[in-house]
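Quick note: residue numbers are just sequence positions, from 1.
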Amino acid sequence: MSLAPVLVAVIAALLLVRLYPLPLRGLARPARRMRGVVGPLSLARAGRAGGSTVLLLLALLTALTTAAFGGSVLAGVADARERASVFAVGADARVDNLDPRRTGVEDRVRRAPGVEDVTPVKVSYTALAGNVRVSLAGVEPDPYAELSGRMDDGAFDADTLRASGKDAVPALGSPALAERLGDDPFPVIMEDGDSFTARIVAVRTWTPALGADDFLVVDGSALRAGLKPPTGLLVTGDHPDAAALKKAAGGDAQVRLRSAVIDATVESPLQTGAERVYVAAVAAGAAYAALALLLTLLRAAPERAALLACLRTMGLTGPRGGGC
């Protein structure tokens with residue numbers, strides 16, 4: 001895989017060297033009818049170019065293909081880091097393990113530096129759906145739908161999740177859970193004894209509040225105590241400060257930043273090694289191309305000088321002779 005740019009460049013250079021003299025030679029014939037000799041001589045000379053042209057083309061194409069391939073690899077690594085951080089945190093920052101006895105936590109976190117919005121969630125990792133143990137999150141449909149769309153994964157229509165209070169509570173479910181429970185209503189029993197009937201109305205492979213394989217997301221108003229107090233807060237904003245969030249949440253709250261997850265993956269030996277290899281390959285390709293261009297110019301200098309001298313003997317001086 002790592003040799004692909006070089007192999008493509010070699011093949012492309014050989015094809016170009018074989019093919020590009022043909023149109024030049026074809027143009028040389030009508031050029032003979034032009035006034036002056038600069039055009040015909042330039043085309044004839046280009047059509048007879050030899051091994052030095054192969055070297056230059058090979059160097060330039062190797063540099064270009066290596067740079068393009070390396071750039072795509074580095075862009076893919078950066079995109080993978082972003083997606084991994086989204087899957088790990090679910091938002092720009094996450095505050096978990098909130099003390100239920102503390103009041104006003106959401107408002108204090110909302111006022112912390114770098115925070116634009118806060119989405120409260122109430123998560124249970126031991127809920128029973130039918131006869132399946134699942135992770136369940138109660139949320140506010142509108143802000144949670146907005147957050148899911150902002151994270152580019154798990155997006156859904158807020159009205160899909162809104163509970164009416166009459167029928168079974170609509171729920172977002174993971175593919176594995178939807179396959180087990182189907183479209184029929186099923187009982188849900190929470191760890192605090194709360195119970196209700198739910199039905200999966202939409203399937204998503206991931207959702208910001210939960211990263212488990214088997215999960216349900218329901219309207220928090222369907223829970224007996226609602227979302228008060230929440231067990232966690234999903235924070236969006238530019239550069240939220242972990243220390244400020246920790247201070248605002250108080251107690252033993254746990255804070256995770258998406259930027260911290262990205263920084264941790266940047267330090268991964270595999271990813272940093274791949275980046276350094278491709279950066280070095282691009283730099284080496286550029287140096288090889290510059291050296292090949294310099295050597296080509298030096299090699300062609302005597303031939304060019306002889307051609308200019310020949311043109312001067314024919315009376316072509318100044319700009320007319322220097323154009324060859």
Side-chain angles (χ1 to χ4, degrees), residues 86-87 89-92 94-98 100 103-107 109-110 116-236:
V86 169
F87 290 154
V89 180
D92 295 320
R94 185 182 189 116
V95 184
D96 287 317
N97 197 33
L98 298 178
T103 60
V105 174
E106 181 180 343
D107 292 333
V109 170
R110 198 180 295 273
E116 294 180 3
D117 199 7
V118 175
T119 303
V121 295
K122 195 166 190 177
V123 176
S124 170
Y125 293 100
T126 58
L128 192 63
N131 58 354
V132 181
R133 189 72 63 181
V134 300
S135 298
L136 184 143
V139 301
E140 295 179 6
D142 289 315
Y144 191 75
E146 182 179 353
L147 172 65
S148 299
R150 182 172 179 175
M151 293 294 106
D152 295 328
D153 281 289
F156 66 95
D157 186 356
D159 292 335
T160 303
L161 197 63
R162 208 179 310 278
S164 64
K166 300 177 181 178
D167 302 322
V169 175
L172 298 180
S174 61
L177 195 59
E179 184 177 355
R180 292 184 188 178
L181 300 177
D183 298 330
D184 297 328
F186 53 86
V188 176
I189 302 176
M190 305 291 290
E191 57 190 6
D192 60 357
D194 185 13
S195 63
F196 55 89
T197 300
R199 182 171 64 87
I200 296 178
V201 296
V203 178
R204 296 295 183 270
T205 58
W206 176 84
T207 191
L210 299 166
D213 292 333
D214 293 332
F215 66 79
L216 287 175
V217 180
V218 300
D219 187 344
S221 64
L223 303 179
R224 182 169 56 192
L227 294 179
K228 302 295 183 181
T231 60
L233 301 173
L234 300 177
V235 178
T236 56

One pair to check against side chain to side chain contact (heavy atoms under 4.5 Å, CB included): D92 and E116. What are the steps and the verdict? CA-CA 10 Å; D92 295 320; E116 294 180 3; over 6 Å; no

Please check if atom CD in E179 has more than 12 non-hydrogen atoms from other residues, nucleotides or ligands closer than 6.0 Å.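 Not buried by this count: 12 neighbours or fewer within 6.0 Å.
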
Taking atom CG as the centre, does D192 end up with more than 12 heavy-atom neighbours from other residues, nucleotides or ligands that are less than 6.0 angstrom away?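 Yes, the 6.0 Å shell around CG holds more than 12 heavy atoms from other groups.
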
Looking at [atom1] of [X] and [atom2] of [Y], how far apart are the two atoms once the value is rounded to the nearest 0.5 Å?
X	Y	atom1	atom2	result
E191	Y125	CD	OH	11.0 Å
L147	L234	CG	CG	5.5 Å
I189	T126	CD1	OG1	11.5 Å
D117	R150	CG	CZ	8.0 Å
R180	D214	CZ	CG	4.5 Å

Would you please name every residue forming a ring pair (Phe, Tyr, Trp, His ring centres under 6.0 Å) with F87, sequence neighbours left out?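 So F87 forms a ring pair (Phe, Tyr, Trp, His ring centres under 6.0 Å) with W206.
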
For [X] against [Y], the heavy-atom pair lying closest together:
X	Y	result
L98	P230	CD1-O, 3.8 Å
V203	S174	CG1-C, 4.0 Å
G232	D96	CA-OD1, 3.9 Å
P120	E140	CG-OE2, 3.8 Å
A127	M190	CB-SD, 4.1 Å
G138	L227	O-CD2, 3.1 Å

With F215, the side chain to side chain contact (heavy atoms under 4.5 Å, CB included) member among V123, L210, L136: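 Exactly one candidate clears the test, L210.
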
Out of the candidates L177, V132, L216, only one should pair with F186 under the side chain to side chain contact (heavy atoms under 4.5 Å, CB included) rule; please name it.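 When side chain to side chain contact (heavy atoms under 4.5 Å, CB included) is applied between F186 and each of L177, V132, L216, only L216 qualifies.
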
Check whether any side-chain heavy atom of V121 lies under 4.5 Å from a side-chain heavy atom of V139, and answer yes or no.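 Answer yes - side chains close enough.
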
Quick check: do L128 and R133 have side-chain heavy atoms less than 4.5 Å from each other? yes

Which donor-acceptor pairs under 3.5 Å do the side chains of residues 156-173 make with protein atoms, sequence neighbours left out?
| from | atom 1 | to | atom 2 | distance (Å) |
| --- | --- | --- | --- | --- |
| D157 | OD1 | D159 | N | 3.2 |
| D159 | OD1 | R162 | NE | 3.4 |
| D159 | OD1 | R162 | NH2 | 2.8 |
| T160 | OG1 | D157 | O | 3.3 |
| R162 | NH1 | D142 | OD2 | 3.3 |
| R162 | NH2 | D142 | OD1 | 3.2 |
| S164 | OG | K166 | N | 3.4 |

Donor-acceptor contact below 3.5 Å, side chain Y144 vs main chain V217: no

Keeping the roles fixed (side chain from R204, backbone from A155), state whether a donor-acceptor pair exists under 3.5 Å.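 Such a contact is found between R204 side chain and A155 backbone.
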
All salt bridge (Lys or Arg N to Asp or Glu O under 4.0 Å) counterparts of E106, not counting sequence neighbours: R110, K228

